[in-house]
Number of protein chains: 2
Amino acid sequence: MVTVHDVARSAGVSISTVSRALAAPEKVASATRERVRRAAAELGYRPNRAAAVLRAGRSGAYGLVVPDLANPYFAAVAKGAQERAREHGAGLFIVDTDEDPDLEAEAIRALAPQTDGVVLCSPRAADRALGALDGRPVVLVNHDVAGVPAVEADHRGGMQRALEHLRALGHHRVAYVGGPERSWSDRRRRAGLVEASARYDDVEVVELGAFRPRVEGGQAAADLVVASGATAVVTFNDLVAVGLVDRLRARGLDVPHDLSVVGCDDSYVASLVTPPLTTLRVDLRRLGRHAVDRLVASASGGRSTGAETPVPDAPPLDVELVVRSSTAPPVRHSSGGTL
Amino acid sequence: MVTVHDVARSAGVSISTVSRALAAPEKVASATRERVRRAAAELGYRPNRAAAVLRAGRSGAYGLVVPDLANPYFAAVAKGAQERAREHGAGLFIVDTDEDPDLEAEAIRALAPQTDGVVLCSPRAADRALGALDGRPVVLVNHDVAGVPAVEADHRGGMQRALEHLRALGHHRVAYVGGPERSWSDRRRRAGLVEASARYDDVEVVELGAFRPRVEGGQAAADLVVASGATAVVTFNDLVAVGLVDRLRARGLDVPHDLSVVGCDDSYVASLVTPPLTTLRVDLRRLGRHAVDRLVASASGGRSTGAETPVPDAPPLDVELVVRSSTAPPVRHSSGGTL
DNA sequence: TTGAAAGCGCTAACAA
DNA sequence: TTGTTAGCGCTTTCAA
């Protein structure tokens, strides 16, 4: 293994000059710097991270905790986060908790001491999670706790747009098919939709219970939606919408004519399925990138003794309505006709 | 921060006893061990990983390099790998290289020194990748280099099954829509299909060039498939199959009647799209788990005192044909008849 | 069975 | 601008 000593010897300088030349180039004469760099490159020197961490107290790596990597939503966020971490020259530990609050707390406890900070994406048990972190830099994605930096999408605005779209098509009774019970995103989306509907006295929202945020959840919800008498439905995410459409079709119902469906997230499945889903688009990759940026900011800002993290709160990311083929004007069933 | 010294003081022993009691309990009298453990728990002691790594030379973490986390294939592998790493009490660094060979080599160079070993999933530049590892434990997934442990699926068997299925339906001209040029999986699948067809003199395989392993790749391939005169097609993966179906439909062709389509991987999109895809199923999660198991075995094999795990070469994972609705007997267009 | 002591490779305070 | 030096917290001989 090549160490600073080898590089120092080869470049004819001391080990501290090597360290400086590599970590704080401006503190070294340019000629020396070049000599050191060349020697390092020649010998194939790679700094030992463990030693640097031990000595300097920061690890150059961050953590990302997500409920389920197989969910395209979180995969996209993870991709953005990891990309940005790389650009910051840092590593990223990604941990998938399988939607399990116990695993989540456990993951954080394991991650916290060996990283410079953690991004918690859609935490399933935020209080416990934050406890496990004891004071380490953290950024919340899709969650909200007083005093903790967070990054989120503008769900309220999105739902507003979705509802206006449906209303303009002539829908007056809209169902909402919710996600996991503990989910903060679910509460936000639900509240956003209800709030939007409150502005009009000709639109009513029917809220339906907690469903798994996957295809199965949508399948399970479909019959309730039909029974609710709604002519349009907004789902917690695209996967749920896909399951919903699937089950409706199995019952002989047509989307969008018998029921209009709006998904959420515009994950890539939305455009693959039949019919392609009208959905709310969030730039997930960007969400991941932002989260890491904020973490880096608060991890390097909050380093000083005494003063707390200043890091301004970022504005929510825009949520855009993407209209595809799963929404249309309702068909009037005047008296049980087959049309 | 609580250190071994604090625990030692509190338990009335030396720091070496603390270290031993925690890391090698059998080398410490049970009474002492208990005392140390209690003290550690009381003080909330968490070993400093960096220090342990620096001193002991192993990190308790592994690396996983994948080309694209947003691809459900790799997401599934990553999930399995991370699950298994957790069960081994180790961490897992997941790095997404965006299908870029340079980033791949770079990722490995960064990962290698700070992990106990790396899983390379579908490497895009294996030779460079292995070079960057210089001798560290590694396991290849979907790749093959002499002398390097690997985990793979039985693509040959899978292709055999796919071809038999198509032949039984009455197809005699089958196209193969390939994945990335550098892809080992692509070569395997291609060769498996060609090999299978060689057993029958009434089936012919038409090989089509390299396409991106995504929806766009399938869209790009569709017109070539039609022009090839094949009545059935096997694609590099499900995503490509989805793109293919999409483009065929846009041209007014029907799947499966005008063309039968077989996907690969049975990623969850396969059952979501219309028509649901006939595809080759690989248990990806298991693939990820196996890879980590092999890595752990070979990483600790070199170090262990006695003869514990001899790391046998794992047999390829079964590949199963899942028949859904995208395959059917070919329709005879004898002279433009509509049947 | 336990303790003393020697570093692992690096950074950063201090000196020159 | 550069060098000297003292550890960071831990594991692991070696002795007792």
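Protein chains get the first letters and strands the later ones, always in sequence-line order, with residue 1 at the start of each. Small disclaimer: the values here were computed from a predicted structure and weren't measured. What's counted below: heavy atoms across the whole structure, side chains too, no hydrogens, waters or symmetry copies.
- Listed nucleotides D:dC10, C:dG3, C:dC10 differ in distance to A:Pro47; the shortest reach to its side chain belongs to C:dC10.
- If you take CZ of A:Arg33 and P of D:dT2, they are 10 Å apart, rounded to a whole angstrom.
- Side-chain atoms of A:Asn48 and A:Thr3, non-hydrogen and from C-beta on, never get closer than 4.5 Å to each other.
- For C:dA12, its base never sits under 3.5 Å from the side chain of A:Ser19 at any donor and acceptor pair.
- Using a 4.0 Å heavy-atom distance criterion, A:Val13 is classed as a sugar-phosphate-only contact.
- The distance from atom CG of B:Leu54 to atom C1' of C:dA6 is 13 Å, rounded to the nearest whole Å.
- Sequence order on DNA chain C of the closest nucleotides to B:Gly12 and B:Arg55 puts B:Gly12 first from the 5' end.
- Rounded to whole Å, the distance from NZ on B:Lys27 to C1' on C:dT2 is 13 Å.
- Summarising the geometry of A:Val138 relative to A:Pro149, their closest heavy-atom pair is O-CG, 3.3 Å, with the distance given to 0.1 Å.
- You'll find a donor-acceptor pair under 3.5 Å spanning the side chain of A:Arg20 and the base of D:dG3, going by distance alone.
- If you take CZ of B:Arg9 and P of C:dA4, they are 14 Å apart, rounded to a whole angstrom.
- Salt bridge A:Asp96/B:Arg285: absent, no basic N to carboxylate O contact under 4.0 Å.
- Side-chain to base pairing of B:Arg49 with D:dG9: no donor and acceptor N or O lie closer than 3.5 Å to each other.
- Considering all non-hydrogen atoms of both residues, B:Ala153 and B:Val282 come closest at CB-CG1, 3.7 Å.
- At the phosphate of C:dA4, neither OP1 nor OP2 sits under 4.0 Å from any side-chain N or O atom of B:Ser14.
- No salt bridge links A:Glu83 with A:Lys79; every basic N to acidic carboxylate O contact stays at or beyond 4.0 Å.
- For A:Ser16, the listed nucleotide lying nearest its side chain is D:dG3; candidates were D:dG3, D:dT2, C:dG3.
- Atom CZ of B:Arg46 is separated from atom P of D:dC10 by 12 Å (rounded to the nearest Å).
- You won't find any donor-acceptor pair under 3.5 Å spanning the side chain of B:Thr32 and the base of C:dT2, going by distance alone.
- Summary of helix geometry: the two end axes of the helix from C:dT1-D:dA16 to C:dA16-D:dT1, each defined by five base pairs via their C1' atoms, are inclined to each other by 30° (rounded to 10°).
- Contact annotation: A:Thr3 side-chain N/O to C:dG9 OP1/OP2 distance is not under 4.0 Å.
- With contacts defined as side-chain heavy-atom distances shorter than 4.5 Å, the pair B:Glu106/A:Arg86 does not qualify.
- In this structure, A:Val53 reaches neither bases nor backbone, as no heavy-atom distance under 4.0 Å exists between it and the strands shown.
- Toward the 5′ end of DNA chain C lies the nearest nucleotide of B:Ile15, the other residue of the pair A:Asn48 and B:Ile15 mapping further downstream.
- For the ring pair (Phe, Tyr, Trp, His ring centres under 6.0 Å) condition, the pairs that include at least one residue of residues 63-103 of chain A, sequence neighbours left out, are A:Phe93-B:Phe93.
- You'll find that the side chain of A:Val28 is closest to D:dT2, out of C:dT1, C:dG9, D:dT2.
- With salt bridges taken as basic N to acidic carboxylate O contacts below 4.0 Å, none links A:Arg128 and A:Glu104.
- Rounded to a whole Å, the CG atom of A:Asp6 is 11 Å from the C1' atom of C:dG9.
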